[in-house]
Amino acid sequence: MTFDTLDLRWESWDGEEDTVLILVNGTPLVELVRRWEDVAAQTTGERSLAGSYAGLPARFAAEIQTAWLGGSGGRVTLLGCECGEPGCWPLLARIEMDGQAVRWLDFQQPYRAQKETDPLNPNRPPTPFWSYEGFGPFVFERAAYTRAVRSLTRASTDS
């Protein structure tokens, strides 16, 4: 099996808090997502929103490690909003682990997820839906993945 590569590092911003830079196969995850979302965002007239993410802030280093190594099967935040608040405009994915591999799959932008009609307001137009079907999965060798995620804790103390 061929594995994807994951490189995680702290990205410094002048006068701002460090954020996690995620590189998948050498390309920033933000860029991979921007390319994917651009098609849906053009269709819905929201092109400026495509890829509007930033790495998670360093103050969440412990939470990142717990969530990304937990393998709970639920969706976790990989990228947050450009404003610095992870819950504002997050990119979510499910993380699955087995003895050999870690998979990032089932991506979602919760504010562009398919929603049912609001029974209290049926005339309200639905929020535009962005599909991530076909984006990923990214499959990492488990030992390398674990080292990458754990390196964030050590690096965050240097910032």
Of V76, I22, V139, the residue whose pairing with W104 passes side-chain contact (heavy atoms from CB on, under 4.5 Å):
I22
Please assess D106 against Y132 for the test side chain to side chain contact (heavy atoms under 4.5 Å, CB included), listing each intermediate value before the final yes or no.
CA-CA 7 Å; D106 198 17; Y132 293 85; over 6 Å; no
Less than 4.0 Å between a side-chain N and a carboxylate O, is that true for E11 and R9?
no
Qualifying residue, where the test is ring-ring contact (aromatic ring centres under 6.0 Å, His included) with F107 and the options are F135, W36, W130, Y53
F135
Check step by step if side chain to side chain contact (heavy atoms under 4.5 Å, CB included) holds for L8 and L21.
CA-CA 6 Å; L8 302 173; L21 173 63; over 6 Å; no
Yes or no on side chain to side chain donor-acceptor pair (under 3.5 Å) for S131 and E133, after CA distance, side-chain angles and deciding distance?
CA-CA 6 Å; S131 174; E133 187 175 335; 4.6 Å; no
Should we count CD of Q100 as having more than 12 external heavy atoms under 6.0 Å?
no
Strictly distance-based, threshold 3.5 Å: is any side-chain N or O of E46 a donor or acceptor partner for the main-chain N or O of L49?
no
I need the F138 CZ to L6 CG distance, nearest 0.5 Å.
10.5 Å
Any ion pair linking R112 and E37 (charged N to carboxylate O, less than 4.0 Å)?
no
Pair D98 + R142: basic N to acidic O under 4.0 Å
no
Any chance you could measure T5, atom OG1, to L23, atom CG, to the nearest 0.5 Å?
8.5 Å
Go through the steps to decide whether V102 and I95 satisfy the test side chain to side chain contact (heavy atoms under 4.5 Å, CB included), and finish with yes or no.
CA-CA 7 Å; V102 177; I95 299 177; 3.7 Å; yes
Apply side chain to side chain contact (heavy atoms under 4.5 Å, CB included) to the pair W68 and L78, showing each step before the final yes or no.
CA-CA 8 Å; W68 293 7; L78 295 179; 3.7 Å; yes
Can you tell me how far OG1 of T77 sits from CG of L91, rounded to the nearest 0.5 angstrom?
8.5 Å
Nearest heavy-atom pair of V149 and Q65: which atoms, and what distance?
CG1-CA, 3.8 Å
